[in-house]
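I have placed the structure first, in the form of structure tokens, so that the comments after it can refer back to it.
Note that the numbering runs from 1 along the sequence shown for the chain.
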Amino acid sequence: MNDYTLGVLTWLRLVRFKNRSDQLTNDFLKRFDLTTAQFDVLMQIRTFQPLNQMELAKKVTVTEGGISRMLVRLEKEGYIERKQDWKTKMISLTEKGEAIMNEAFPAQLAFQTSFFDEVLSKDEQKTLLSLMSRLEKHSRNKQVPSQP
């Protein structure tokens with residue numbers, strides 16, 4: 001255990017928390033017949049609609065191939081519609097999509113907030129947000145070292 005650096009131990013905790021959080025969130029969102037990824041996609045569409053598939057792919061953590069398959073499913077479920085706007089298909093929520101988000105969003109917001117409110121003070125949450133923001137910003141510019 002002495003071989004691990006503080007950074008590695010922190011990274012392992014972050015990975016474990018994210019994995020457990022994803023598992024709990026997927027279980028929670030089953031009541032709405034949604035996955036975490038689908039909720040994220042619907043939330044981004046709701047916030048920025050109408051938008052095209054490339055714009056959406058930049059805002060979510062799903063691959064471009066994955067986003068294509070997900071959009072097909074969400075369209076079949078009646079949550080989204082894609083309308084041709086000259087050369088580009090623009091994506092928007094349908095009434096059914098708005099209705100599911102009106103139901104799921106407040107519940108998901110309360111569920112996610114509980115992860116932090118139950119164990120961290122407001123000051124601790126602000127500090128964590130600040131630190132995570134710095135790490136995320138740094139990771140955007142981080143390069144994988146080349147092999148010798």
Query raised in the report: Taking atom CG of L129 and atom NZ of K126, what is their separation to the nearest 0.5 Å?
Result: 10.5 Å
Report task. Provide the closest heavy-atom pair for M70 versus A37 in the form atom of the first, atom of the second, distance. Result -> CE-CB, 3.6 Å
Query raised in the report: Salt bridge check: are K83 and E81 linked by an N-O gap of less than 4.0 Å?
Result: yes
Report summary line: Rounding to 0.5 Å, atoms CD (Q53) and CD1 (I67) come to a distance of 6.5 Å
Report summary line: Applied to residues 14-26, the salt bridge (Lys or Arg N to Asp or Glu O under 4.0 Å) test, sequence neighbours excluded, yields K18-D22
Requested in this report: Look at the side-chain heavy atoms of Ile, Leu, Val, Met, Phe, Trp and Tyr, link any pair under 4.5 Å apart, and say whether L71 and M90 land in one connected group.
Outcome: no
Requested in this report: Give, for atom CD1 of I80 and atom CG of L56, the distance between the pair rounded to the nearest 0.5 Å.
Outcome: 8.5 Å
Report task. To the nearest 0.5 angstrom, please state how far the OG1 atom of T35 sits from the CD atom of Q38. Result -> 3.5 Å
Requested in this report: Just jot down the side-chain contact (heavy atoms from CB on, under 4.5 Å) partners of A99, sequence neighbours excluded, or say none.
Outcome: none
Report task. Rounded to the nearest 0.5 Å, what's the gap from OG1 on T36 to CE on M43? Could you check? Result -> 14.5 Å
Query raised in the report: Can any side-chain N or O of E77 pair as donor or acceptor with the backbone N or O of Y79 at less than 3.5 Å?
Result: no
Report summary line: Quick note, ring pair (Phe, Tyr, Trp, His ring centres under 6.0 Å) partners involving residues 24-60, not counting sequence neighbours, are F28-F111
Query raised in the report: Among all residues two or more places apart in sequence or in another chain, which pass the salt bridge (charged side-chain N to carboxylate O under 4.0 Å, His left out) test with K76?
Result: none
Query raised in the report: Is the side chain of T94 donor-acceptor paired with the backbone N or O of G78 at a distance under 3.5 Å, no angle test?
Result: yes
Report task. Tell me whether V8 is reachable from V15 by hopping between hydrophobic residues (I, L, V, M, F, W, Y) whose side-chain heavy atoms are closer than 4.5 Å. Result -> yes
Report task. For residues 100-110, pull every pair meeting salt bridge (Lys or Arg N to Asp or Glu O under 4.0 Å), keeping only residues two or more places apart or in separate chains. Result -> none
**Report entry** Worked check of side chain to side chain donor-acceptor pair (under 3.5 Å) between Q125 and D117
**Finding:** CA-CA 8 Å; Q125 290 179 50; D117 283 352; 2.9 Å; yes
For residues 140-148, tabulate all N or O donor-acceptor pairs below 3.5 Å that involve a side-chain atom, not counting sequence neighbours.
{"from": "R140", "atom 1": "NE", "to": "E136", "atom 2": "OE1", "distance (Å)": "3.3"}
{"from": "R140", "atom 1": "NE", "to": "E136", "atom 2": "OE2", "distance (Å)": "3.1"}
{"from": "R140", "atom 1": "NH2", "to": "E136", "atom 2": "OE1", "distance (Å)": "2.8"}

**Report entry** Sequence neighbours excluded - salt bridge (Lys or Arg N to Asp or Glu O under 4.0 Å) pairs with any residue from residues 46-60
**Finding:** R46-E98
Query raised in the report: What about I91 and V72, same hydrophobic cluster or not, with Ile/Leu/Val/Met/Phe/Trp/Tyr joined at side-chain heavy-atom distances under 4.5 Å?
Result: no
Report task. Say whether L93 and L109 are linked into one hydrophobic cluster, either directly or through other cluster members, by side-chain heavy-atom distances under 4.5 angstrom. Result -> yes
Report summary line: Contacts of D27 meeting side-chain contact (heavy atoms from CB on, under 4.5 Å) (sequence neighbours excluded), chain-then-number -> Q23, K30
Query - Test side-chain contact (heavy atoms from CB on, under 4.5 Å) applied to I100 and L34, step by step - result: CA-CA 9 Å; I100 195 68; L34 295 172; 4.2 Å; yes
**Report entry** With E75 via salt bridge (charged side-chain N to carboxylate O under 4.0 Å, His left out) - residues at least two apart
**Finding:** R82
Query raised in the report: In terms of side-chain heavy atoms, does T88 have a donor or acceptor partner in N52 at a distance below 3.5 Å?
Result: no
Report task. Return the set of residues passing side-chain contact (heavy atoms from CB on, under 4.5 Å) with V119 (not counting sequence neighbours), or none when no residue passes. Result -> none
Query - Pairs satisfying side-chain hydrogen bond (donor to acceptor under 3.5 Å, both in side chains), at least one member in residues 104-116, at least two apart - result: T25-Q112
**Report entry** With sequence neighbours excluded, residues passing side-chain contact (heavy atoms from CB on, under 4.5 Å) with L128
**Finding:** F116, L120, M132
Query raised in the report: Among the clusters formed by ILVMFWY side chains lying less than 4.5 Å apart, do F17 and L131 turn up in the same one?
Result: no
